[in-house]
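Single-structure report; data block below.
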Amino acid sequence: MANQRLTTGALLRYIRGNTSEKATLQVVGIKPIESKTDDPSGSAKRYRLMLSDGKSTFSSCMLGTQMNKLIETDSLKENSIIRVDRVMVNSIDKQNGRVMLMLYEIEILQSDCERIGDPVALPLTDIINSGTNTNRLETTNNNQAQAPISAAASSATNVIRQDSKALPTLDDRKKSNGDNRLGSKGTNGIDKERIINIDTLNPYMTKWTIKARISNKSQIRTYENARGPGKLFSCDLVDQSGEIRATGFNAECDKFYSMLEIGEVYYIAKASLKAANRQFNNTNNDYEMTFNHDTIIEACDAGEGENIPQVQFNFISINDIANRSANSICDVIGVVKSTSDMQTIVSKASQKEFNKRDLLLVDEKASISVTLWGQQAEEFDGSSHPVVAFKGIKIGDFNGRTLSCINSTLIRQDPPETQRTVELRVWFDNEGKSIDLPDLSKGADTGNRQTVIKTLSQIVVEGLGLGDKPDYVCVKGITTLIKKDTAVYMMCPEEKCGKKVVDENNGTYRCEKCNKTYNNFKWAYMISAEISDVTGAQWITIFRNEAETLLGVTADEFGNHKLNQSESIMEDIIRKAMNRELIFKLRAKAEQYNDERKIRFTCMSVNDMDWSSHGRRLINEINQMEPIQN
DNA sequence: CCCCCCCC
C-alpha cells in the first residue's frame, strides 16, 4: 500500500531530463558533503541525498543549500517522504555523461516513515552505455515532445537497458521544462556545445561563446562627447577560468542592462575585445569586452550555472596600498572598525550635492579610510563591524592614502568566497578590535610611507615645488650641515603668533606683527640644514617638532644653552645630529623673493630608517636608482 | 565609444 504512494520510475525519468514531473519520493540516505572549497565558514555545506521511487534508488541527488535547515532541524531525515517540486539535471562528468539531480524545491509530505519497498540502485553505467549523454546537444529540431512520455512509459516497468533512440535529447528536455529557447548553433548563434574559457578570449577570435556569471554591474551612466550624448553600463563576467569586464553602450545598454542580473549565469556570444585599460579596469584579464550589435546573450537555465564561481577578488593588503599609485584601482578586504555618520558635500565641479560616508577599514597590519558615495553610503551599515570586500576601488592620496568607491566598485559584506573573511573575523574579534594600527590616511602617523621616495636630483629634474600647489616628497639622505647659531629664535609669546621678536635689550621684546612689546618670549626652532644623498645636496628648513626630533632637545633647552653661551654643549647636540641617515618628508613650494622664484623645502617629518618595516622596499628603490651624471 | 565618482 505504502509502495503506491511513491512515483515509480520517476528517478529514471528525471535522469533522462523529464524534470517537469512532481514526483513523490522517499529519502533513503542523507550524507553531508565536505566543502570542496576551503571555505571554513560552513556556508558551502551541502547534503547529498539518496532518493527512492519505490523500485529504484539514485544517490547523486544534491539538496539546494537553502533547504539545509530542513535537515539541520531534523524535519528531513532518513525515510522522510518528499514531493519534488523543482529539480534539474546537471552533468557532472562530461566524458561519461554522469548526471546529478539538483533539488531546488521540495516539500516534506511525511517526516517520519518506514522504508517503503525494497528498491535497488539504478545501474547508472547501463544507462550511460546505452547512450545517454546529457551534454550532447542535438541540433535537430524535430518535434519529439512525446519522447519523455515514451521514456516514462518504458521506465515505468523499471527497465534499465534502454534503446538510445528512445532517449530524449536535451532539446526535448528543454521543451518538457517549458523552455522553448533552442540553444543550439544555427538557430541564434549561441553554440552551447563549444563554450570557451574567459581566459582564452582574445581580439583575434571571432566565433566564441562563454558561459559566465555576472559578478558586478554598474549603474547606467550618461556622457557627452564630440560625437554627441551617449550612455553605457559595464559589468564583470566570471567563469572558472577567470574574469573580464564588459561594457554596453547606447543600443546595447538598452538591450542588455535590465536583462543582466548580478549573480546570474548567461551564455554570451560574439562581442568585441580590446586591450584592457588598466587605469580604470582591475579585472584579471588582458582584455575587456564591448557588447556590439551582433552580441547574443541568453540566460542560463536555473541550476545549469551552479559550477560557475561567484566572484573573483585579487586582494592586496592595506599596507600595500601605500605602494600603489594614486588613482589606480585595486581589490581590498578588511574589517569595518568604525563608520562615520552620513555627510553631504557639494561638488566643486558640478555644484551638486553628494552623500558620503567614511569607514575605517582595518586588516592585521594597517588601517585606511574608505569613502562610500550616494546610495552605497546611504545604505551602508557598519555597526556590526562586518568584514567587507571591495572589488575595483580607487586609491586616493589625500592625507596619505585613502580609498574611494567608484561607480563600478563592488562592495561585498562577509563574502563567503574567500577564507580571508573568516581569518579577519577571528583576528578582529580576538585582538584587532582593541589595537591601534598605523593609519594610511593620516600623513603624520605613517611618516614617509605614503609619499614616494625620490633622490634630490629627481626633485630638481621633475621640477617639484614649481607648481601652484606644494609637492610632498620623501628623501633618504644624511644631514651634512646644521646651522647652529640660527637654530633657535626668540618667538612672540602670543599664542598663534609665531613671529620673531626683537630683543630690546632692556628685558622687553618687540613683536612687529602684534605691534606690541612683551616682557617675555619663547624659544622656537627654525633650523637651516643641508641634507645630501648620492645625487646632490639641498638646504631645508626644519621647525618645531621635527627639529626637536632631530636634535633630541627642546627649543627651550637649546635656547637656554644659547643664552648661556654654552657653545660646546650646542656643538655637541649638533654633532650628534650630523651625518645621520634619515628619511625626510619634505614640502616643496616655490616662493617669490624679489625677482627670484625660489623653492623652499620645509621638513614635514623626520624619521630614522625603519628597516623592519620599510627596509626591503627602500633597498629595492635604492637599487633601482640610476646614478645621475651631471 | 566611457574613464566623471565629487569634500576635506
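In what follows, chains are A, B, ... by sequence order, proteins preceding strands, each numbered from 1.
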For [X], report the nucleic acid contact type (base, sugar-phosphate, nothing); a contact means any heavy atom under 4.0 Å.
X	answer
A:E288	base
A:T409	nothing
A:K231	nothing
A:N281	nothing

Could you state the [atom1]-[atom2] distance from [X] to [N], rounded to the nearest angstrom?
X	N	atom1	atom2	value
A:L372	B:dC5	CG	P	16 Å
A:Q375	B:dC6	CD	C1'	17 Å
A:E224	B:dC3	CD	P	11 Å
A:D358	B:dC5	CG	P	16 Å
A:N355	B:dC8	CG	P	16 Å
A:I393	B:dC6	CD1	P	11 Å
A:L232	B:dC2	CG	C1'	5 Å
A:F390	B:dC5	CZ	C1'	15 Å

Residues A:D429 and A:R425 bridged, charged N to O under 4.0 Å: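 Looking at A:D429 and A:R425, the cut-off is met.
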Which nucleotide in the list [options] gets nearest to the side chain of [X]?
X	options	value
A:R221	B:dC5, B:dC7, B:dC4	B:dC4
A:Y223	B:dC6, B:dC2, B:dC7	B:dC2
A:T247	B:dC5, B:dC2, B:dC7	B:dC2

Please check this pair: side chain of A:D254 against backbone of A:Y257, looking for a donor-acceptor N/O pair closer than 3.5 Å.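 No, A:D254 side chain to A:Y257 backbone: no donor-acceptor pair under 3.5 Å.
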Please check if the side chain of A:S350 supplies one atom and the backbone of A:S347 the other of a donor-acceptor pair under 3.5 Å.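 Not at all, since once roles are kept as given, no pair shorter than 3.5 Å links the two residues.
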Strictly below 4.0 Å: does [X] bring a side-chain N or O up to OP1 or OP2 of [N]?
X	N	result
A:S347	B:dC5	no
A:R278	B:dC3	no
A:W373	B:dC6	yes

Let's test your reading of the model: under 3.5 Å, does the base of B:dC6 pair with the side chain of A:K348 as donor and acceptor?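 Answer no: no donor N or O sits under 3.5 Å from an acceptor.
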Has A:R420 got more than 12 heavy atoms of other residues, nucleotides or ligands less than 6.0 Å from its CZ?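 Enclosed.
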Between A:Y525 and A:F543, is the ring centre distance below 6.0 Å?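 No - the distance between ring centres of A:Y525 and A:F543 does not fall below the 6.0 Å cut-off.
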When you compare the ring of A:F249 with the six-membered ring of B:dC2's base, are the centres less than 5.5 Å apart and the planes under 30° from each other?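 Per 5.5 Å and 30° rule: no stacking.
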